[in-house]
Amino acid sequence: MKIAVCIKRVPVMEVKFAITADGSRYEETGLKYDINDFDLWAIEAALQLKEKAGDGTVHVVCLGPNAAQEQIRKAMAMGADSGVLLESDARNYDGLAVARALAAELKGGAYDLVLFGRISIDSMNQMTGPMVAELLDLPVVTNVFKLDINGATGRAERVLEGASEVVEFPLPAVLTIDDGLNKERLPSLKGIMAAKKKPLEIKPANLDAAQVTVRSMALPAERAAGRIVGEGADAVPELVRLLQTEAKVL
Amino acid sequence: MANVLVFAESRAGELRKVALEAVTAARRLTELSGGGAVHVLLAGAAGIGSKAEPLAAHGADKVLVLEHAGFALHNPEALAATLAQLLSSGTYAYGLFSGTSHGRDLSPRVAAKLGVGLIPDLTGFTVENGAVVGQHPINNGKVIATLALSGSPTLLSVRPAAFTPAPAERALVAESITSAADPAASRVKVIELKQGNTDKIDLNDAAVVIAGGRGLKVADNFKLCDDLAEAFGNAAVGATRAVTDEGWRPHSDQIGQTGRNVSPDLYIAAGISGAIQHLAGMRTSRTIVAINKDKDAPIFKIADYGIVGDALEVLPVLTEAVRAAKAS
Ligand SMILES: Cc1cc2nc3c(=O)[nH]c(=O)nc-3n(C[C@H](O)[C@H](O)[C@H](O)COP(=O)(O)OP(=O)(O)OC[C@H]3O[C@@H](n4cnc5c(N)ncnc54)[C@H](O)[C@@H]3O)c2cc1C
Ligand SMILES: Cc1cc2nc3c(=O)[nH]c(=O)nc-3n(C[C@H](O)[C@H](O)[C@H](O)COP(=O)(O)OP(=O)(O)OC[C@H]3O[C@@H](n4cnc5c(N)ncnc54)[C@H](O)[C@@H]3O)c2cc1C
C-alpha cells in the first residue's frame with residue numbers, strides 16, 4: 001500500500017489574532033504553528049492502513065515555507081516514511097495554484113491513496129483535495145469519517161448536514177478526511193529519534209499566480225459581555241422574560 | 001448581461017432550503033451586476049422536475065431539469081461534468097453553489113475542470129466591475145477575509161443560512177437536459193443515504209439551537225434538549241465533540257471547529273464548558289444562553305445570559321416556561 005498524505009502548516013488558533021495596520025492580513029509574529037488538525041487524522045488513517053496491510057509506505061507532501069520542515073518531521077515522528085517540502089514564501093497563491101503544484105508533485109507517484117484533510121483551519125477553503133483529484137483524474141470522496149479498504153476497492157461514509165452517505169470507490173483514489181475517523185497518535189521518543197534520519201527532500205514550489213486575491217482582513221465584531229441571570233431553576237422566569245423583552249427571540 | 005447558473009441541492013427527491021438561499025444569492029448577484037438571468041440546475045431521479053416550482057417563486061428564470069435514475073443519490077462525477085459543460089458554454093458569468101457538504105464537493109471539481117478560481121463559503125458579497133468581492137471567515141472564524149475573484153466564469157459558494165430566501169415570483173420555465181457524462185459510469189458511487197429523523201429541522205435551518213455537552217451525563221438526557229426544541233418549534237438539537245465522541249449523538253450533530261457552523265437567533269448551551277473549538281462553530285449566534293453548574297466555565301464569557309446550575313434540573317423547567325410563553 002503506497003500512500004501520500006498532503007499536510008499543511010497552520011497557526012495554532014488558541015490566540016487573539018491582530019490585523020496589520022494596513023488591514024491587508026493578520027499579524028504573524030508570535031504565532032505558533034502545527035500540522036492542520038484534519039491532516040493529523042489523515043496521517044493517522046494512512047499509518048493505520050499501512051499497518052493493517054502489513055507493508056507499504058506513507059509519504060508526506062507539504063507546500064509551505066522552509067520552517068514547515070518541522071511539520072514534516074512531526075509526521076515522520078508519528079510514523080511517516082518520507083517527505084517532500086515544496087518550498088515557497090510567496091504571499092499570493094490561491095486554491096487552484098496550490099492544487100496544481102501538489103498535483104504536479106503527486107503525478108506519476110503511483111499512489112494507491114492520496115489523503116487530504118477536509119479543510120485547513122486557517123484559510124478554510126475546503127477545496128484542495130477535490131481539485132487535485134480532478135487534475136490527476138482520480139476518483140475522490142470528500143468528508144470521510146468512516147473508511148474501509150478492501151484490496152482494490154474502498155467503502156467510505158461521508159458527512160452531510162444532518163445525514164451521511166455511504167460511498168464505494170475504486171483505488172487509486174483521493175480522500176479528504178473529516179473529524180471522527182480516528183484520534184491521532186502522539187509521536188513517541190523513538191519515533192522522534194527515527195524521524196531525524198528519514199529522507200526529506202526540499203525543492204521550490206512551482207506556483208501559478210493567484211486568481212483569487214485577498215483584499216483585506218478584519219476581526220469580527222466582539223460580543224458584548226453577558227450576565228449571569230441567576231442560579232438554578234429559580235432563574236428560569238427571569239431568563240424567559242429577558243428572552244421575550246430584551247433579546248426578543250421568544 | 002451577467003447570467004448566473006445555480007446548483008440547486010436536493011436530498012431524497014426533495015428540494016433543500018439551501019437551494020432557495022442560493023437562488024436568492026444569485027438574484028442579488030444579477031442585481032449588483034446590472035441585470036441578468038438566473039438559471040438553476042436541478043438533478044434527481046424521475047419526478048424531481050415536479051419540485052421546481054419554489055425555485056421559480058424565488059427568482060429562477062429557468063430551471064434546467066436533469067432527470068435520471070443515476071441521480072437519485074448524489075452523483076458527483078456526472079454532476080461536475082454537467083456543470084462544467086454548462087458553465088463553459090459562454091452563457092454564464094457566474095456559477096453559484098451552496099457551501100454545503102455537496103456544494104463544497106462539487107464546486108472545486110468544476111473549478112479545476114475549467115481552470116478557474118473559486119471563492120468559498122461567503123457570508124456576503126458585492127460586485128465590482130464584474131468581480132465578486134466577498135467575505136469569507138478564516139482562522140476558525142476569528143478573522144474575516146475579504147476576497148476578490150474575476151473569472152470566466154466566476155465560481156463561488158455561499159454559507160448556509162447567510163442568505164434568507166426571498167420571494168421573487170416568476171412563471172416556471174423548465175427545460176429538460178441530459179447529463180454530460182453517463183451517470184451509471186461514475187467511479188465514485190453513493191450507495192446509500194443515511195438520513196436521521198427527516199421530520200427534524202436541520203441545524204442550519206433552525207432559528208433556535210439547543211446544544212448539549214458532556215455535562216448532560218448520559219445519552220438519554222438529550223431527551224431534555226429534544227423536549228425544549230419541541231417547545232420552541234423551529235429548533236434543532238446539536239452537540240459538542242465530547243458528546244459525538246461518546247456516540248450519544250451522531251457525528252453530523254457536532255458543532256464547532258471540526259464540526260458544523262451554526263448561527264441561529266438563539267443558541268442554548270447546556271452542560272457545555274465552552275472550549276474554543278466549540279465556540280468556533282457558534283459564536284456568531286445572535287443570542288447565546290448558557291446553563292452550566294460551574295460559574296467559572298468559559299462559556300459564560302460569550303453568553304448573553306447565563307444560569308449557574310444543574311442543566312438536568314433547569315432544562316425541564318425552561319421547557320415548561322417556553323411552552324407557557326408560546327401558549328399565551
Ligand atoms: C502566504 C500566503 C498567501 C496567501 N495568499 C492567498 C491569495 O492571494 N489568495 C487566496 O485565495 N489565498 C491565499 N492564501 C491561502 C492559500 O491560497 C490556501 O492555503 C490555499 O488556497 C489552500 O486552501 P486552504 O489552505 O484553505 O486548504 P483547504 O482546501 O481547506 O485544505 C484541505 C487540505 O488540503 C491540503 N493542503 C492544503 N494546503 C496545503 C499545502 N500548502 N500543502 C500541502 N497540503 C495542503 C491539506 O491536506 C488540507 O487539509 C494564502 C496563504 C498563505 C499562507
Ligand atoms: C483538534 C480538535 C478539534 C475539536 N473540534 C471540536 C468541535 O468541532 N466541536 C466541539 O464541541 N469540540 C471540539 N473539540 C473538543 C473541545 O476541545 C472540547 O473538548 C469539547 O468541546 C468539550 O465538550 P463539552 O463542553 O461537552 O465537555 P466538557 O469540556 O467536559 O464540559 C462539560 C461541562 O459541563 C458542565 N457540567 C457538568 N455537569 C453539569 C450539570 N449537571 N449541569 C450543567 N453543567 C454541567 C461542566 O461544568 C463543564 O463545564 C476539538 C478538540 C480538538 C483537539
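What you see is a predicted model; the values in this text were computed from it and never measured.
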>> If you count heavy-atom pairs within less than 4.5 Å of chain A, which of B:Thr258, B:Leu266, B:Thr287 leads?
In response: B:Thr258

>> Counting only non-hydrogen atoms closer than 4.5 Å, does B:Glu320 touch chain A with its backbone (N, CA, C, O), its side chain (CB onward), both, or neither?
In response: neither

> Could you give the distance from CD (A:Gln126) to OG (B:Ser107), rounded to the nearest 0.5 Å?
Replying inline: 8.5 Å

> In terms of side-chain heavy atoms, does B:His102 have a donor or acceptor partner in A:Glu161 at a distance below 3.5 Å?
Replying inline: no

> Which region of B:Thr284, side chain (C-beta onward) or backbone (N, CA, C, O), has a non-hydrogen atom less than 4.5 Å from a non-hydrogen atom of chain A, or is it both or neither?
Replying inline: backbone

>> Atom NZ of residue position B:Lys326 - does it have more than 12 heavy atoms of other residues, nucleotides or ligands inside 6.0 Å?
In response: yes

> Do A:Asp137 and B:Lys113 meet the salt-bridge criterion of a basic N to acidic O distance under 4.0 Å?
Replying inline: no

> Can you tell me if A:Thr142 and B:Arg104 form a side-chain donor-acceptor pair at under 3.5 Å?
Replying inline: no

>> What part of A:Ala247 gets within 4.5 angstrom of chain B, counting heavy atoms only: side chain, backbone, both, or neither?
In response: both

>> Is B:Val289 close to chain A through its backbone or its side chain, or both, or neither, when contacts mean heavy atoms under 4.5 Å?
In response: side chain

>> Going by side chain to side chain contact (heavy atoms under 4.5 Å, CB included), A:Glu165 matches just one of B:Gln195, B:His74, B:Lys194, B:Glu192. Which one?
In response: B:His74

> When heavy-atom pairs shorter than 4.5 Å are enumerated against chain B, which of A:Pro139, A:Gly226, A:Ala233 gives the highest number?
Replying inline: A:Pro139

> Would you say the side-chain atoms of B:Thr146 pair up with the backbone N or O of A:Arg215, donor to acceptor, closer than 3.5 Å?
Replying inline: no

> Any side-chain heavy-atom pair from B:Val188 and A:Val167 closer than 4.5 angstrom?
Replying inline: yes

> Is the backbone N or O of A:Leu181 less than 3.5 Å from a side-chain atom of B:His251, with the two atoms forming a donor-acceptor pair by type?
Replying inline: no

> Highest number of heavy-atom pairs under 4.5 Å with chain A: which of B:Val317, B:Ile191, B:Ile119?
Replying inline: B:Ile191

> Given the options A:Arg155, A:Glu222, A:Gln244, A:Arg158, which has more heavy-atom pairs under 4.5 Å with chain B than any of the others?
Replying inline: A:Arg158

> Are B:Val143 and A:Leu219 close enough that some pair of their side-chain heavy atoms sits under 4.5 Å apart?
Replying inline: yes

>> Holding to side chain to side chain contact (heavy atoms under 4.5 Å, CB included), I want the full list of residues that pass it with A:Thr20, two or more places apart in sequence or in another chain.
In response: A:Asp22, A:Ser24, A:Arg25, A:Glu27

>> Any non-hydrogen side-chain atom of B:Val116 less than 4.5 Å from a side-chain atom of A:Leu96?
In response: no

> Which atom names give the shortest non-hydrogen contact between B:Asn139 and A:Met124, and what distance separates them?
Replying inline: N-SD, 3.8 Å

> At a heavy-atom separation under 4.5 Å, does B:Ile276 approach chain A through its side chain, its backbone, both, or neither?
Replying inline: side chain

>> If I take atom CD1 from residue B:Ile138 and atom OH from residue A:Tyr26, how far apart are they, to the nearest 0.5 angstrom?
In response: 5.5 Å

> Hey, does the side chain of A:Gln211 reach the backbone of B:Gly115 with a donor-acceptor pair shorter than 3.5 angstrom?
Replying inline: yes

> So what's closer than 4.5 Å to chain B heavy atoms on A:Ile121: side chain, backbone, both or neither?
Replying inline: both

> Is it true that B:Asp245 and A:Lys183 have a side-chain N and a carboxylate O under 4.0 angstrom from each other?
Replying inline: yes

> Of the backbone (N, CA, C, O) and the side chain (C-beta and beyond), which part of A:Ser164 lies under 4.5 Å from a heavy atom of chain B, both, or neither?
Replying inline: both

> Which bit of B:Asn140 comes within less than 4.5 Å of chain A, counting heavy atoms only: side chain, backbone, both or neither?
Replying inline: both

> Any donor and acceptor pair, going by atom type alone, linking the side chain of B:Lys142 with main-chain N or O of A:Val15 inside 3.5 Å?
Replying inline: yes

> How many angstroms lie between atom CZ of B:Arg286 and atom NZ of A:Lys248, to the nearest 0.5 angstrom?
Replying inline: 10.0 Å

> Taking all atoms of both residues into account, what is the closest heavy-atom pair of A:Val240 and B:Ala321, and its distance?
Replying inline: CG2-CB, 3.7 Å

> Is there a side-chain contact between B:Gln257 and A:Asp37 (heavy atoms, below 4.5 Å)?
Replying inline: yes

> Between B:Gly151, B:Ala325, B:Ala236, which has the largest tally of heavy atom pairs under 4.5 Å with chain A?
Replying inline: B:Ala325

> Would you call B:Leu147 and A:Val214 a side-chain contact if the rule is heavy atoms closer than 4.5 Å?
Replying inline: yes

>> To check you understand the geometry: which heavy-atom pair defines the closest contact between B:Pro120 and A:Asn125, and what is its length?
In response: CG-OD1, 3.3 Å

> Looking at A:Pro220 and B:Gly141, what are the two nearest heavy atoms and their distance?
Replying inline: CG-O, 3.5 Å

> Among B:Val110, B:Asp253, B:Leu193, B:Asp105, which residue forms the greatest number of heavy-atom pairs with chain A at distances under 4.5 Å?
Replying inline: B:Asp105

> Quick one: of A:Leu160, A:Ile19, A:Leu138, who has the most non-hydrogen atom pairs under 4.5 Å with chain B?
Replying inline: A:Leu160

>> Looking only at heavy atoms and a cut-off of under 4.5 Å, which of B:Leu106, B:Asp265, B:Asp202 has the most pairs with chain A?
In response: B:Asp202

>> Does any part of the side chain of A:Arg223, heavy atoms only, come nearer than 4.5 Å to the side chain of B:Ile288, both counted from C-beta?
In response: yes

>> Quick check on B:Gln135 against chain A: is it the side chain, the backbone, both or neither that has a heavy atom closer than 4.5 Å?
In response: neither

> Hey, are the side chains of A:Val212 and B:Leu118 touching, using non-hydrogen atoms and a 4.5 Å cut-off?
Replying inline: no

> Where along residues 170-180 of chain A does a heavy atom come under 4.5 Å of chain B, listed by residue number?
Replying inline: A:Pro170, A:Asp178, A:Asp179, A:Gly180

> Can you name the closest pair of heavy atoms from A:Gly232 and B:Val314 and give their distance?
Replying inline: C-CG2, 3.8 Å

> When heavy-atom pairs shorter than 4.5 Å are enumerated against chain B, which of A:Ala224, A:Gly230, A:Ala97 gives the highest number?
Replying inline: A:Gly230

> With chain A, which of B:Ala207, B:Ser285, B:Gly238, B:Ala280 has the greatest number of heavy-atom pairs at distances under 4.5 Å?
Replying inline: B:Ser285

> Should B:Glu77 and A:Val140 be marked as a side chain to side chain contact (heavy atoms under 4.5 Å, CB included) after you check the CA-CA gap, both sets of side-chain angles, and the distance that decides it?
Replying inline: CA-CA 9 Å; B:Glu77 291 185 5; A:Val140 52; over 6 Å; no

> Does a side-chain heavy-atom distance below 4.5 Å link B:Val190 with A:Glu168?
Replying inline: no

> How about B:Tyr305 and A:Glu238: does a side-chain donor come under 3.5 Å of a side-chain acceptor?
Replying inline: no

> Closest heavy-atom contact between A:Leu239 and B:Leu318?
Replying inline: CD2-CD1, 4.1 Å

> Between A:Lys16, A:Arg118, A:Glu157, A:Arg227, which shows the greatest number of heavy-atom pairs under 4.5 Å with chain B?
Replying inline: A:Arg227

